[in-house]
> 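I'd like to ask some things about the structure below.
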Amino acid sequence: MQQSAENAEAEDHPESDQEDAAPLLNQQLSLGKGLCSARYSLALVLHFSLFVVYSLRVNLSIAIVAMTNGTNPGSLPNISTDVCPNRSHAQTNSSHQEFAQEAPVYDWSAKTQGVILSAFFYGYLFTQLLGGYWSGMFGGKLVLGYGLLATSALTLLAPLAAGLGAAYLIGLQALLGMAEGVIFPAQYTLWAKWAPPLERSRLMNLAEAGCTFGTFVTFPVAGIICQYLGWPYVFYILGGIGCVWCVFWFLLVYEDPACHPRISAGEREYIVSSLANQGSSHGRSLPLLAMIKSLPLWAISVAYFCNDWLFYTLLTSMPTYMNDVLHFDIRENGLLSALPYVGNWLGTIVSGLLADFLLSKHMFSTATVRKLFSVLGMMLPAVSLVAVSYVGCDYTAAVVFLTLSMTVISMCGAGFNINQIDIAPRYAGFLLGVTNTFGTVSGIIAPTAVGFLTSQDLLIGWRNVFFVSAALNLFGLLFYVTFGSGTIQDWAREDTALQ
């Protein structure tokens, strides 16, 4: 086989498998540079696509405030302890009157609201592996495009489902999760065909920064729509934008460089030659037993579980901490609410550029770069999260540590988050489904754990929440640093799969 000599050489030098191609890559890095190149155009298209995806994911968390009679799904009704003075100048129990009055209002309990909001993740969990497998079979473009189209179309049905009853909305949320669950594995399948090894970090992080940007924009925009048009228009407008964008997706995106009609010959040759050693996409069969036995894959999966536990604690529970302990609703101040997301968006892009710079200058191997950014993205947020519990009622310090945590955690985007494509590019989409399943499970468990730990003593409970999250994150970091790898695994090589 043509690749046998290359594979034999790679086995003799496993820690520099991908760096062996560095001289060729350095000679051609100038080809197709800039936003006009096909691969960077794909990154920008994916950036806006994931912007839409996250807009559709978080819209209900804003609209549900206007949909209900003001009950807060994250509140702790049995706790009345005043830990800090009330710093909020907003009038309580009046926020609902700010919204358009012609829209229907539902008397859903806090528990019902929690079930509605969490139903998405159960559906999302179900299609992670299927999305990775389907994208390897049928191509990332089709799977991602149809997943986004289904998510957008289902979003348009949210007002109808809410009118029929909470059970219908719960079912719709689960279907939305199933539709969206295929999107991220499909994205990794696309990048396995488009991203040269020395540009993976910057291209993939530029694309995934759209997630944070979508969250940042949707929070205030959805609130304005609820206030002036009514909450149903949140779903109509965002769902409509998603459906329209799908047309551009199918017109602008191509499965691989060979299919692109407008890519330059130089850029096509650069991408194809840089990815020559990784093999083609997988077929119907998968080396499942070898995957189960793979410590590098387990390292990524454990890191996903532990880091997403901390991430979801930051994302979903810190506003509750600011409200229940510091008595300040962070949503009342648009700038302070946006700071963590702006920091995360910028950090995601910058960390990708920095990681590829280190690789292109041959300062570190791929494995070292992935572990370095994982250390920064997992250790510093853990320390910052613990620090929040010791700042007392210093609101400024709490916001600083929260913003720092959300900003620095973005460095994981150049660490273990994209390590699947390093160790098994042929199966990148499926492996993203595997590792993202672990992360989604922690996202389901973490809010429940927060409620359990804070149900008795508020201050000590929140301190325990921070310590558990930090401890899990540090354990995941140690496991990943110990067993992580940056080279293509034997079971992921095309000649091994054919034997």
> Looking at F416, F475, Y480, which hits side chain to side chain contact (heavy atoms under 4.5 Å, CB included) with M378?
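The side chain to side chain contact (heavy atoms under 4.5 Å, CB included) with M378 is passed solely by F416 among F416, F475, Y480.
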> Using the test ring pair (Phe, Tyr, Trp, His ring centres under 6.0 Å), find all partners of Y236 that sit at least two apart in sequence or belong to another chain.
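Only Y233 meet the ring pair (Phe, Tyr, Trp, His ring centres under 6.0 Å) criterion with Y236.
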> What pairs with T407 under side chain to side chain donor-acceptor pair (under 3.5 Å), at least two apart in sequence or on another chain?
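Result, side chain to side chain donor-acceptor pair (under 3.5 Å) vs T407: none returned.
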> Residues in side chain to side chain donor-acceptor pair (under 3.5 Å) with E180, at least two apart?
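By the side chain to side chain donor-acceptor pair (under 3.5 Å) rule, E180 matches R57.
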> Do the ring planes of F213 and F51 sit parallel (below 30°), tilted (30 to 60°) or perpendicular (above 60°)?
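Tilted.
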> Please tabulate, for side-chain N and O atoms in residues 295-308, each donor-acceptor pair with protein atoms closer than 3.5 Å (sequence neighbours left out).
{"from": "W298", "atom 1": "NE1", "to": "I292", "atom 2": "O", "distance (Å)": "2.6"}
{"from": "S301", "atom 1": "OG", "to": "L297", "atom 2": "O", "distance (Å)": "3.0"}
{"from": "Y304", "atom 1": "OH", "to": "N417", "atom 2": "O", "distance (Å)": "2.9"}
{"from": "Y304", "atom 1": "OH", "to": "Q420", "atom 2": "NE2", "distance (Å)": "3.2"}
{"from": "N307", "atom 1": "ND2", "to": "N473", "atom 2": "OD1", "distance (Å)": "3.3"}

> Applying salt bridge (charged side-chain N to carboxylate O under 4.0 Å, His left out) as the test, list every pair that has at least one member in residues 144-160; sequence neighbours left out.
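For residues 144-160: none.
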> Test of understanding: with ring pair (Phe, Tyr, Trp, His ring centres under 6.0 Å), list the residues that count as partners of F235, not counting sequence neighbours.
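Partners of F235 under the ring pair (Phe, Tyr, Trp, His ring centres under 6.0 Å) test: none.
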> Pick one: which of T437, N436, T435 meets side chain to side chain donor-acceptor pair (under 3.5 Å) with Q128?
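Answer after filtering T437, N436, T435: N436.
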> Measure the shortest side-chain to side-chain distance between I349 and N205 over non-hydrogen atoms and say whether it is less than 4.5 angstrom.
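They are not in contact (no side-chain heavy atoms under 4.5 Å apart), so the answer is no.
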> Under the rule for side chain to side chain donor-acceptor pair (under 3.5 Å), what residues qualify as partners of T155, not counting sequence neighbours?
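Result, side chain to side chain donor-acceptor pair (under 3.5 Å) vs T155: none returned.
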> Within 45° of the ring axis of F250 and under 6.0 Å from its six-membered ring centre, is that where the NZ or CZ of K141 lies?
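Because its charged atom misses either the 6.0 Å distance or the 45° angle limit, K141 does not stack over F250.
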> Centre-to-centre under 6.0 Å for F48 and F248, is that the case here?
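No.
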> Tell me, please, which residues at least two apart from F121 pass ring pair (Phe, Tyr, Trp, His ring centres under 6.0 Å).
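Only Y312 meet the ring pair (Phe, Tyr, Trp, His ring centres under 6.0 Å) criterion with F121.
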> Taking only residues two or more places apart in sequence, or in another chain, which ones meet E208 in a side chain to side chain contact (heavy atoms under 4.5 Å, CB included)?
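E208: side chain to side chain contact (heavy atoms under 4.5 Å, CB included) contacts with L50, Q187, Y188.
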> More than 12 foreign heavy atoms under 6.0 Å from OH of Y168: is that the case here?
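Atom OH in Y168 is not crowded, with 12 or fewer foreign heavy atoms closer than 6.0 Å.
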> For M178, check side chain to side chain contact (heavy atoms under 4.5 Å, CB included) against everything at least two apart and list the hits.
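Counting only residues at least two positions away or on another chain, M178 forms a side chain to side chain contact (heavy atoms under 4.5 Å, CB included) with F126, T127, L175.
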> I'd like to check the side chain to side chain donor-acceptor pair (under 3.5 Å) partners of N59; sequence neighbours left out, ordered by chain and number.
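N59 satisfies side chain to side chain donor-acceptor pair (under 3.5 Å) with no residue once adjacent residues are dropped.
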> On a heavy-atom basis, which atom in L310 and which in S469 lie closest, and how many Å separate them?
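Closest pair (atom of L310, atom of S469, distance): CD1-O, 4.0 Å.
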> To the nearest 0.5 Å, what is the distance between CG (L203) and CG (L44)?
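It comes to 9.5 Å.
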> Counting heavy atoms not belonging to L353, are there more than 12 under 6.0 Å from its CG?
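Buried by this count: over 12 neighbours within 6.0 Å.
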> Taking only residues two or more places apart in sequence, or in another chain, which ones meet F483 in a ring pair (Phe, Tyr, Trp, His ring centres under 6.0 Å)?
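Ring pair (Phe, Tyr, Trp, His ring centres under 6.0 Å) list for F483, sorted by chain: F479.
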